[in-house]
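Every chain is numbered from 1, with letters handed out A, B, ... down the list of sequences.
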Amino acid sequence: MTGAGVSTVQVRLPVPLCTLLGLAERTQVLDVDGPVTQRSVLDALEARHPALVGTIRDRGGERRRRAFIRFFACEEDLSHTDPDDPLPDAVAEGREPYLVVGAMAGG
Amino acid sequence: MAGTRVLVGTRKGAFVLTSDERREEWQVDGPHFAGWEIYHLNGSPLDPDRLYASQSSGWFGQVVHRSDDGGRTWETVDNDFTYASQPGQHQWYDGTLRDWAFTRVWHLMPSRHDLDTVYAGIEDAALFRSTDGGRSWTELSALRDHRTAELWQPGAGGMCLHTIVEHPTDPDSMVVAISAAGAFRTSDGGASWTPINVGLRSGEIPDEDREVGHCVHKIARSSSDADVLYMQKHWDVMRSKDGGDTWHEISGDLPTDFGFCIDVHPHEPETVYVVPITSDSLHYPPDGRLRVYRSRTGGDTWEPLTEGLPQEHCYVDVLRDAMAVDTHESAGVYVGTTGGDVYASNDSGDTWAPIVRGLPAVCSVEVQTLP
């Protein structure tokens with residue numbers, strides 16, 4: 001598990017957010033400074049793309065996950081885990097993506 | 001030759017339609033922001049290349065975009081609509097009280113007095129202003145803090161501030177409307193607000209002529225007489241001759257006075273347009289015939305405009321922001337439907353033609369008369 005220094009991680013975004021940002025590629029490669037957690041990855045993502053502020057997490061001090069957003073990695077649902085817990089090594093080492101997912105809805 | 005640009009917000013993206021002054025041949029550009037619900041797309045009266053778009057998503061929340069080149073390119077601007085003071089409570093559908101909470105921006109109104117000033121009407125009802133072209137927003141909180149706010153309640157679409165009507169010459173004077181609270185007016189730049197609902201009667205509230213609680217759907221101001229306002233209420237079409245101090249009903253011989261949109265001819269203050277909708281439970285035109293109604297007498301006496309509009313099997317709605325008028329010498333009138341068609345008339349409503357068909361459901365239509 002990477003705990004210090006800079007880690008290079010992959011984050012996969014849902015299509016509507018790629019449309020918002022004008023991105024052709026859904027997977028973004030980010031440098032994360034320090035421990036690789038959901039919070040640090042999303043902070044780095046929002047720093048790279050300020051237009052995402054408020055679209056994945058709310059704007060309050062705790063930056064809580066929006067209700068219809070889910071976070072997956074390594075075939076696990078991390079949506080309800082502590083955002084400051086370390087992410088799996090495979091994510092921290094850039095071998096597996098961290099997935100931001102719009103919850104399934106509709107018919 | 002002057003040009004015409006129609007800005008269309010739909011359930012799944014924005015479209016920009018352009019033509020010349022004849023308004024016979026149209027170019028369709030879009031979708032912009034494909035997949036995003038565009039509640040409103042609007043342009044500055046001072047610089048037609050300055051546009052704003054409100055995207056809203058149940059998943060991803062609120063986004064606001066701005067264009068400085070007439071919609072060719074866009075940049076995201078601020079989407080922080082945090083209430084300026086501690087939100088209180090308002091009525092909920094079941095009569096209980098519910099905390100105020102931001103849901104989305106319904107309406108964007110670039111100021112006619114200052115290029116970088118733009119207003120946003122939001123759900124739950126509040127009015128925000130930006131003076132830096134959308135890069136930051138500040139609530140004009142005296143409206144939400146009004147002594148009557150605890151009596152406001154949501155309409156079927158939510159408790160939204162959907163109408164912002166500036167005064168043509170006084171930048172401190174403005175009328176807004178909220179469903180279901182009613183109309184309010186400020187004359188001091190939003191520091192204080194007065195309910196302007198005298199004359200409204202609503203059977204949906206216990207006291208029919210109460211000060212607030214009315215489901216005003218849309219207000220339009222005459223461009224040639226600032227004191228003349230027209231209103232489409234949940235039921236009833238209304239007119240004020242005194243800037244909103246008092247209202248009187250002008251439904252007259254309309255087939256139904258339920259509807260959402262209303263607008264005024266750009267050169268004739270007595271000429272007004274509505275689209276009658278069957279009822280509050282049947283949101284489509286009577287008899288499946290899409291008819292725009294025009295009064296040339298300030299209301300009461302209305303004529304159906306049908307030439308070029310579908311006159312059978314048409315069960316669409318025209319939402320509150322989906323009617324617009326341009327300012328060409330021969331005035332243009334535009335309506336967009338929940339069936340995804342946008343119809344235009346280049347002769348004040350005498351004849352109509354679809355200028356685009358099969359778009360996603362249309363939420364809003366605005367038009368710019370280009371130099």
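The shortest side-chain heavy-atom distance between A/L45 and A/Y98 does not fall under the 4.5 Å cut-off. A/L21 places a side-chain heavy atom less than 4.5 Å from the side chain of A/L13.
For a residue to count as touching a neighbouring chain, one of its non-hydrogen atoms must lie under 4.5 Å from one of that chain's; by this rule B/H65 touches chain A with the side chain only. A/P50 does not touch chain B: none of its heavy atoms, backbone or side chain, sits under 4.5 Å away. Only the backbone of A/V53 has a heavy atom closer than 4.5 Å to any heavy atom of chain B.
Between B/D321 and B/H162, the side chains place no donor N or O within less than 3.5 Å of an acceptor N or O (distance only, hydrogens not considered). Under 3.5 Å, the side chains of B/S111 and B/R129 contain no donor-acceptor pair of N or O atoms. Side chains of B/S44 and B/R50: no donor on one and acceptor on the other come within 3.5 Å.
Options B/D80, B/V63, B/V77, B/D78 differ in how many heavy-atom pairs under 4.5 Å they form with chain A, and the most are formed by B/D80. The choice from A/G54, A/P16, A/A51 that makes the most heavy-atom pairs within less than 4.5 Å of chain B is A/P16.
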